[in-house]
Amino acid sequence: TWSRGWSTRTSASSVDPSSASSTSGPATREAEAPLGEDPAEDLGGPAVDRGDLAVAEDGLQPSVCGGAGLAVAEMLDGVGGLPFVQLKWPNDVIVDGRKVGGLLCEARWLGAELSWVAVGLGLNVRNAPPTAARMPAANLAEWRADLDPAALAAPMAEVLARLGGRDTLTAEELSQWRARDWLLGHRLAAPLAGVARGIDARGELRIETAEGPRTVASGDASIVELA
C-alpha cells in the first residue's frame with residue numbers, strides 16, 4: 001500500500017501521455033492519446049503519490065492503471081448524458097466505440113526501490129479529435145456540449161487520488177471491468193495472436209492463443225476481428 005497521502009497537480013491544459021519518460025507497466029506502450037491541439041479544450045493532469053507499492057519483476061503492476069481506468073469511467077458515467085463508458089486494455093477510455101482518453105502510469109525508481117507513481121490522464125472534452133489516429137476518436141462535447149474542461153479537472157483528480165496503492169484488483173473491480181471491457185471477445189493480432197478473455201486480478205490481459213491461455217502485462221492491443 002502507499003504509505004503517504006496523494007499530492008495532485010491538475011490543469012485544463014493538454015498533457016500528452018506519449019511524451020512521458022521512464023514509464024513502466026501497461027501504459028508505457030501508449031503512443032496515441034487522442035488529444036487535440038487546443039489546451040483549453042481538453043483535460044490533462046497527473047495525480048502523484050510517493051510511497052511504497054508492490055511491483056512485478058518487470059515494473060509497476062498493471063492493476064494500477066486498471067483501477068484508475070475504472071475510477072475515470074465511473075466518474076464520467078456520473079456526469080450524465082454520455083453513452084456507457086468502456087475501457088480498452090491497457091489504458092484507453094472508450095465512448096460509443098471511439099477513444100476519448102488515455103491513461104499513463106509513470107514510475108520513478110531509486111535503484112531497486114520504487115520512489116513514486118504518477119497516474120496521468122488525457123481526456124478529449126471539446127477539442128477536435130485527431131483524424132489520423134489508429135483508433136477512431138471522439139470528444140465528450142459530441143454528447144455534452146456544455147462540459148467545461150476546467151470544471152472536470154478537480155473532481156477527476158479527486159477520484160484518482162482516492163485509488164490508493166495495491167498490486168491486485170478486487171473481485172468487485174474485476175466484475176466492473178468485465179462489464180466495461182471493450183476488448184472482450186475480440187480476436188487480436190497483438191500483443192499476442194488470440195482472443196481477448198478479459199483481465200486477471202493483477203490487471204494483466206488474458207489471451208486464448210493457439211498454444212493455450214496466456215497473460216500479458218504490457219503492450220498495445222491490436223484487433224483483427226470480433227471472435
Keeping the roles fixed (side chain from N139, backbone from P129), state whether a donor-acceptor pair exists under 3.5 Å. no
So do I223 and L183 actually touch side chain to side chain, heavy atoms under 4.5 Å? yes
Quick one: side chain to side chain contact (heavy atoms under 4.5 Å, CB included) partners of R180, sequence neighbours excluded? L70, A73, E74, D77, F84, V85, L87
Identify, with sequence neighbours excluded, every residue that meets side-chain hydrogen bond (donor to acceptor under 3.5 Å, both in side chains) alongside Q176. E172
Do V216 and P62 come within less than 4.5 Å of each other through their side chains, counting heavy atoms only? no
With side chains defined as the heavy atoms from C-beta onward, is the minimum distance between L140 and L123 less than 4.5 Å? yes
Grab the two heavy atoms, one from W143 and one from P83, that are nearest each other, plus how far apart they are. NE1-CG, 3.5 Å
Residues D200, R202; criterion salt bridge (Lys or Arg N to Asp or Glu O under 4.0 Å); working and verdict: CA-CA 5 Å; D200 63 13; R202 292 165 60 90; 5.4 Å; no
Are any of the side-chain heavy atoms of L160 and R162 separated by less than 4.5 Å? no
Of all heavy-atom pairs between A68 and V119, which one has the smallest distance, and what is that distance? CB-CG1, 3.9 Å
Salt bridge R214-E208, side-chain N to carboxylate O under 4.0 Å: no
For L174, check side chain to side chain contact (heavy atoms under 4.5 Å, CB included) against everything at least two apart and list the hits. L169, I199, A201
Short side-chain to backbone donor-acceptor contact, D148 and A150, under 3.5 Å: yes
Residues at least two apart in sequence or cross-chain that pass side-chain hydrogen bond (donor to acceptor under 3.5 Å, both in side chains) with T215, listed by chain then number, are E204
Check whether any side-chain N or O of W89 sits under 3.5 Å from a backbone N or O of R206 as a donor-acceptor pair, and report yes or no. no
V95 and R98: side chain to side chain contact (heavy atoms under 4.5 Å, CB included), yes or no, with the steps? CA-CA 5 Å; V95 174; R98 289 173 289 168; over 6 Å; no
Is the shortest side-chain heavy-atom distance between M75 and P155 below 4.5 Å? yes
Is the shortest side-chain N to carboxylate O distance from D181 to K88 below 4.0 Å? no
Is the shortest side-chain heavy-atom distance between L205 and R197 below 4.5 Å? no
Under the side chain to side chain contact (heavy atoms under 4.5 Å, CB included) test, residues paired with A193 that sit two or more places apart: none
Under the side chain to side chain contact (heavy atoms under 4.5 Å, CB included) rule, collect the residues that match up with R144, sequence neighbours excluded. V79, L82, D146, L147
Got a sec, which residues hit ring pair (Phe, Tyr, Trp, His ring centres under 6.0 Å) with W177, two or more places apart in sequence or on another chain? none
Would you indicate whether the side-chain heavy atoms of H186 and V224 approach each other to under 4.5 Å? no
Closest heavy-atom contact between S218 and P191? O-CB, 4.4 Å
Donor-acceptor contact below 3.5 Å, side chain S63 vs main chain G66: no
Cationic N near anionic O, under 4.0 Å, K99 to D92: yes
The test is side chain to side chain contact (heavy atoms under 4.5 Å, CB included); show your working for V93 and L76 and say whether it passes. CA-CA 10 Å; V93 182; L76 290 177; 4.1 Å; yes
For residues R126 and P149, determine if any side-chain heavy atom of one lies less than 4.5 Å from a side-chain heavy atom of the other. yes
